[in-house]
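Taking it in order: structure first as structure tokens, then the write-up.
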There are 2 protein chains.
Amino acid sequence: MTSTPLTRSEAKDLTRRKLIRAALAILDEEGEAGLSTVKVAKAAGIAQSSFYVHFKDMQELLLVLAEEGGARLRASMREARRRARESPGDLDLHRETFRIPLESICRHPELLRIQLRARHDPSSSLRGFATESAAAYREHHAADLAALGYTADDERDRRRLEMIADGINAATNALAMGHLEGRYPDLDEAADILTALSRGALRWLKATSAKPGPAADQAADQAADQAADQAAGPAEGPGSA
Amino acid sequence: MTSTPLTRSEAKDLTRRKLIRAALAILDEEGEAGLSTVKVAKAAGIAQSSFYVHFKDMQELLLVLAEEGGARLRASMREARRRARESPGDLDLHRETFRIPLESICRHPELLRIQLRARHDPSSSLRGFATESAAAYREHHAADLAALGYTADDERDRRRLEMIADGINAATNALAMGHLEGRYPDLDEAADILTALSRGALRWLKATSAKPGPAADQAADQAADQAADQAAGPAEGPGSA
DNA sequence: AATTTCACCGATAGTACTATCGGTGAAATT
DNA sequence: AATTTCACCGATAGTACTATCGGTGAAATT
């Protein structure tokens, strides 16, 4: 209720934040085509011409948006790694690995939506941001997969690992979007499916890898397989052929 | 060299085709934001105002584009099914299932690019088309997976199968785009990875399915596993635990 | 207290585009 | 041969937006 006496720079910064917030909301709701200095300024509660007190043009605002989006992304990835390290035991590790990114997307769905739109749009100012984000996610997933016991030795294996990470990443996005659209109510189920997909890929990767890898790795894999099978419920025995 | 004496309606239809072609090219190269009656008409070699002889507005042209895209999509899916039926033996079936869509995408990459862009863009006139296409692809993949030996019995299993198809579909698109962008030179490798992903998912689906399914299904699965393992090279034995 | 700074304002010139309108000439019809 | 049709044209009114400019008043500085 009490009036808040802001200094001039504080007030300016507040207006700037309002502009950024308004732009993000419009970007998410109407897409990049819906963005205009008129709409953004009006939504932020200032005159259209005052937009230029804060940004050289819309392109500059989008750049700031992309930088902040990137920072939030990196933070959420750090957070994910931290949680993964603290994650309870071997049994949950694999599944946690996929549930964490899903949750992270669902906490800020607009980031992914904007990224997915801009990724292949030549007219988008955010294309660079989208491409970098996609690459970052890909690397993140590749590191996750590596943490699950597989390390690539030669170029072919590295490329394969990247492709798998790319595929899993795309599947993660698709399932998260499906969840947000209400098609897949249960995120845990989505995590299960990503786990199953990745286990198939890792199994194949190990089976066809240049170097079979030390026995320890294989033992770890077996353990993970067993754990997953147990967690899944009544298991089909892996081999009677 | 000889002049081609076209009737009036033939000439009109030709111009219409030119407009559609020009719009598709601009849409692919510059995105939906780059489309304007000025550019499209100029690219088609007519005056801007003549655009309206053929279409009520740009929206109508985009609708026609979407319809034609949808038709091409359905045709390529029919073609894929035909080829899959004619496909040689059990060994290649699983792999063919994934190579065919990859090839189909790479033959008309602009269709997927446009679809991926429009899919989550509220401002896009093509959003409906993109959503329908995505659903069609999803169903296509779900049918493919079903053809590989799995049929869903209850609602949970059907939803799971849809999620897996969604994930595999997203991965297919991602790998195809990566191929087109030059990151993954070999489409066969991409098909291998999709195969591996789907085998993991199907394995899990069967292991956790409500009804374990008839023995025949399981036998077929075992055979597919063996075939894939043989094709893959020196196999890691499935179980020594 | 006097002066300076500056965030914000309204007005507006300039740009890009859409969609309409009357005119034209060759094809089609009579 | 005379008449009608119509695909296409140039001109233009209308719309939406960008980016600049001079003005204003309160905060900040002197």
Side-chain angles (χ1 to χ4, degrees), chain A residues 2-27 29-65 121-126, chain B residues 2-66 121-126:
Chain A
T2 59
S3 69
T4 42
L6 298 174
T7 69
R8 197 138 69 171
S9 71
E10 281 171 339
K12 184 180 183 183
D13 212 62
L14 186 69
T15 308
R16 185 187 155 94
R17 297 303 322 166
K18 280 185 192 166
L19 283 169
I20 292 175
R21 277 194 165 275
L24 189 61
I26 294 173
L27 188 57
E29 285 160 24
E30 304 180 37
E32 207 165 332
L35 272 186
S36 74
T37 57
V38 179
K39 279 188 198 165
V40 172
K42 192 175 177 183
I46 61 172
Q48 182 264 339
S49 59
S50 299
F51 177 94
Y52 296 91
V53 171
H54 300 271
F55 302 99
K56 188 182 150 287
D57 51 21
M58 186 58 76
Q59 159 83 25
E60 193 177 287
L61 192 159
L62 283 174
L63 220 78
V64 171
L65 225 56
D121 190 345
S123 72
S124 170
S125 304
L126 293 170
Chain B
T2 59
S3 68
T4 42
L6 299 172
T7 70
R8 197 140 66 173
S9 73
E10 281 171 338
K12 183 179 184 183
D13 211 62
L14 187 69
T15 307
R16 184 187 154 95
R17 299 303 321 165
K18 279 186 193 166
L19 282 170
I20 292 175
R21 276 193 166 275
L24 189 62
I26 293 174
L27 189 57
D28 189 36
E29 286 159 25
E30 304 181 37
E32 207 165 334
L35 272 186
S36 74
T37 57
V38 178
K39 278 187 197 167
V40 172
K42 192 176 176 182
I46 63 171
Q48 183 265 338
S49 59
S50 300
F51 177 93
Y52 296 91
V53 172
H54 301 272
F55 303 98
K56 186 182 149 288
D57 52 21
M58 186 58 76
Q59 159 82 24
E60 190 176 290
L61 191 159
L62 283 174
L63 221 78
V64 171
L65 224 55
D121 190 346
S123 72
S124 171
S125 305
L126 294 170

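The sequence lines fix the lettering, A, B, ..., with proteins before strands; numbering per chain opens at 1.
In this structure, CG of A:L61 is placed 15 Å from C1' of D:dT18, rounded to the nearest angstrom. In this structure, B:E60 atom CD and C:dA19 atom P are separated by 11 Å, rounded to whole Å. Rounded to a whole Å, the CE atom of B:M58 is 9 Å from the P atom of C:dA19. Taking atom CD on B:Q59 and atom P on C:dC17, their separation rounds to 19 Å, with Å as the unit. Atom P of nucleotide C:dA19 and atom CG of B:D57 are separated by 5 Å, given to the nearest angstrom. Counting to the nearest Å, the P atom of D:dC6 and the CZ atom of B:R16 are 17 Å from each other. Regarding B:K18, its NZ atom lies at a distance of 13 Å from the C1' atom of D:dA7, rounded to whole Å. Between the CG atom of B:D13 and the C1' atom of D:dC8 there is a distance of 16 Å, rounded to whole Å.
The heavy-atom pair separating A:A43 from A:I26 by the smallest distance is CB-CD1, 4.3 Å. In plain terms, the two heavy atoms of B:L126 and B:L27 that are nearest each other are CD1-CD2, 3.8 Å. Nearest heavy-atom pair across A:E30 and B:S123 is O-CB, 3.1 Å. The two residues A:L61 and A:A23 have their closest heavy-atom pair at CD2-CB, 3.4 Å.
Inter-residue side-chain proximity for B:Y52 and B:Q48 is flagged as met; some heavy-atom pair is nearer than 4.5 Å. Between A:H54 and A:I20 there is no side-chain heavy-atom pair separated by less than 4.5 Å.
Checked by atom type and distance alone, the side chain of B:Q59 never pairs as donor or acceptor with a backbone atom of B:S125 at under 3.5 Å.
In this structure, CZ on A:R21 lies 10.5 Å from CG on A:L14, to the nearest 0.5 angstrom. Taking CG of A:D121 as the start and CD of A:E32 as the end, the distance is 6.5 Å to the nearest 0.5 Å. Here the CE-CG distance, from A:M58 to A:L19, works out to 9.0 Å after rounding to the nearest 0.5 Å.
Consecutive Watson-Crick or G-U pairing (both distances under 3.5 Å) extending over three or more pairs maps onto DNA chain C as C:1-30 with D:1-30.
Evaluated for a side-chain contact (heavy atoms from CB on, under 4.5 Å) with A:F51, the options A:V38, A:T15, A:V40 yield exactly one hit, A:V40.
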Output a table of nitrogen or oxygen pairs between the protein and nucleotides 26-30 of chain D separated by less than 3.5 Å.
| residue | atom | partner | partner atom | Å |
| --- | --- | --- | --- | --- |
| D:dA28 | OP1 | A:R8 | N | 2.9 |

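DNA chain D is contacted by A:S36, A:T37, A:V38, A:Q48, A:S49, A:Y52 of residues 35-52 of chain A, taking any non-hydrogen atom closer than 4.0 Å.
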